[in-house]
There are 2 protein chains.
Amino acid sequence: MNKLHAVTSSPAAPLFLDCPDCGFMAWGRRARLSARETRMFDERIEHGRLKKHHEFLHRAGAPLGTLYIITSGFLKTSISDNNGHEQITGFSMPGDVVGMEAIATGKYQCNTIAMEDTSLCGIAFAALEQLNRDIPALQQHFHQTLGAEITRDHDMMLVLGAMRAEERVAVFLLNLSRRFAACGHSATCFHMPMNRQEIGNYLGLTLETVSRAFSHLASSGLIVVNNKEVEIGNLADLQQLVRQSR
Amino acid sequence: MNKLHAVTSSPAAPLFLDCPDCGFMAWGRRARLSARETRMFDERIEHGRLKKHHEFLHRAGAPLGTLYIITSGFLKTSISDNNGHEQITGFSMPGDVVGMEAIATGKYQCNTIAMEDTSLCGIAFAALEQLNRDIPALQQHFHQTLGAEITRDHDMMLVLGAMRAEERVAVFLLNLSRRFAACGHSATCFHMPMNRQEIGNYLGLTLETVSRAFSHLASSGLIVVNNKEVEIGNLADLQQLVRQSR
DNA sequence: CGAACGATTGATTTTCATCAAGACCGGTGG
DNA sequence: CCACCGGTCTTGATGAAAATCAATCGTTCG
């Protein structure tokens, strides 16, 4: 781990800590395990996987071996239909678990690519299943994580099925904002690692429409945009825009 | 169970069988459990829940108690945004497990309503979690079922984000076709329990656009439609239409 | 039968995609 | 240093797809 992390780690270091900001350790913490269970879980974590910008974490069709959680960096995940059209199904950022869609068949359905240099921690899926059997609290937490993915996808169906362009972009920004805040960054001022093309693909829009939506939100005074840097003037106003439109 | 089932049940009746077409028993079969495990699982199934047309199976916000599987009938599941707009996230038919999106928070995120008289079997989620710990094969099967839901939602994101109206309707028909076939009905000739409004809502279209898409597919000779009755002339042709358009 | 609802079809408007041109930005090399 | 180049972003003009508005036709059900 020769990478500087923006988030500072606790000075009281737990056992087995060779990864100062380990995402899976933090994930395990949230499961409220006992000290012994925590040790069992932490022992199985593989730390320090690194993916450089543009590298694949996995490709569709590859067998599921390890679930990953992001420590730092950004990933995009996409599926492709039979003729090669790609649809981005999600962007992943620090704290997100990656690869759950492979559980159904044991093979990844998606391509997952690093959008910048990204560090990850992993846990073998078979080991996690074993731990889930031995540690009910972990099992529940894992089910919650799976369920959260389903909830997120349903929310996205609402965005794609019922919202117009500007609302979609607003929801996208609010979503990024919430997640940046959750991992210790500013909720109102951040850097988007994806380009307009990728945002448009994700939201079911063209890149031009995304650009226009940004411009219009900016001219309405709701945001300030400069390429990939965004500042949200007022979160409530942006939420209001999504709300009132229907 | 005072309802006639279209699917005929096996004459060799297993133990505990007070539900001739029990969906959960069939689901458990697919997990390839031992005889003893099968018994443990089947014992926990609650048979014979009935919901009449238009009745709620559950509402958003209610606590998750029981996961259900459909024996006969049809359900629709929808979420609503903060101003009351409803988005249908799925239609459920015999063999489908219902309620998985509640696992994340312990509360249902969705409203689920019977689209016709529907019979279900249930299993308490807490009991299923316990069984998953004791029976690895069941745990795997459950994870697969959860993962399949995620895969399905991602596929739907591709439909909503990248396809035009007629393609969406074609995908919808092909999807119904496959699932009807999977539960023993005709793949090419079936009754759709949902109306145009509901199809449109699900596909991110207006009811008029759905109606026009049906009419156009019919005039192209690909299908025959009469209200809710559909006949697909040739599955491959319909698939071709989806494929070539991009 | 008539009212109510769903489906279809047509006319018009809106939204977004497409096509096209120019601006901006960072990097490279003369 | 500055000109040039490739890529991304923005902005404008135009066209296509779907939404909206509206009328009609069938069915079903009191």
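Residue numbers start from 1 in every chain, and the chains themselves are labelled A, B, ... in the order their sequence lines are given, proteins ahead of strands.
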For Phe125(B), all residues meeting ring pair (Phe, Tyr, Trp, His ring centres under 6.0 Å), sequence neighbours excluded: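 By the ring pair (Phe, Tyr, Trp, His ring centres under 6.0 Å) rule, Phe125(B) matches no residue at all.
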Listed pairs under 3.5 Å, donor-acceptor, residues 92-104 of chain A side chains, sequence neighbours left out:
unit_1	atom_1	unit_2	atom_2	d
Asp96(A)	OD2	Met93(A)	N	2.8
Asp96(A)	OD2	Arg179(A)	NH2	2.8

Which residue pairs satisfy the side chain to side chain donor-acceptor pair (under 3.5 Å) criterion with at least one member in residues 218-227 of chain B, sequence neighbours excluded?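 Counting only pairs at least two positions apart or across chains, no side chain to side chain donor-acceptor pair (under 3.5 Å) contact touches residues 218-227 of chain B.
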Give the rounded distance in Å between these two atoms: [atom1] of [X] and [atom2] of [N].
| X | N | atom1 | atom2 | value |
| --- | --- | --- | --- | --- |
| His191(A) | dC25(C) | NE2 | C1' | 14 Å |
| His53(A) | dG7(D) | NE2 | P | 14 Å |
| Glu229(B) | dG26(D) | CD | C1' | 15 Å |

List the residues meeting side-chain hydrogen bond (donor to acceptor under 3.5 Å, both in side chains) with Thr209(A), not counting sequence neighbours, and say none if there are none.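 Partners of Thr209(A) by the side-chain hydrogen bond (donor to acceptor under 3.5 Å, both in side chains) criterion, ordered by chain and then number, come out as Thr206(A).
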In B/S/- notation (B base, S sugar-phosphate only, - none; protein heavy atoms under 4.0 Å), nucleotides 8-21 of chain D written 5' to 3' is -SBBBB---SSSBB
Donor-acceptor pairs under 3.5 Å, side chain of residues 150-162 of chain A to any protein atom, not counting sequence neighbours: which ones?
unit_1	atom_1	unit_2	atom_2	d
Thr151(A)	OG1	Gly147(A)	O	3.1
Arg152(A)	NH2	Glu149(A)	OE1	3.2
Asp153(A)	OD2	His154(B)	NE2	3.3
His154(A)	NE2	Glu149(B)	OE2	3.4
His154(A)	NE2	Asp153(B)	OD2	3.3

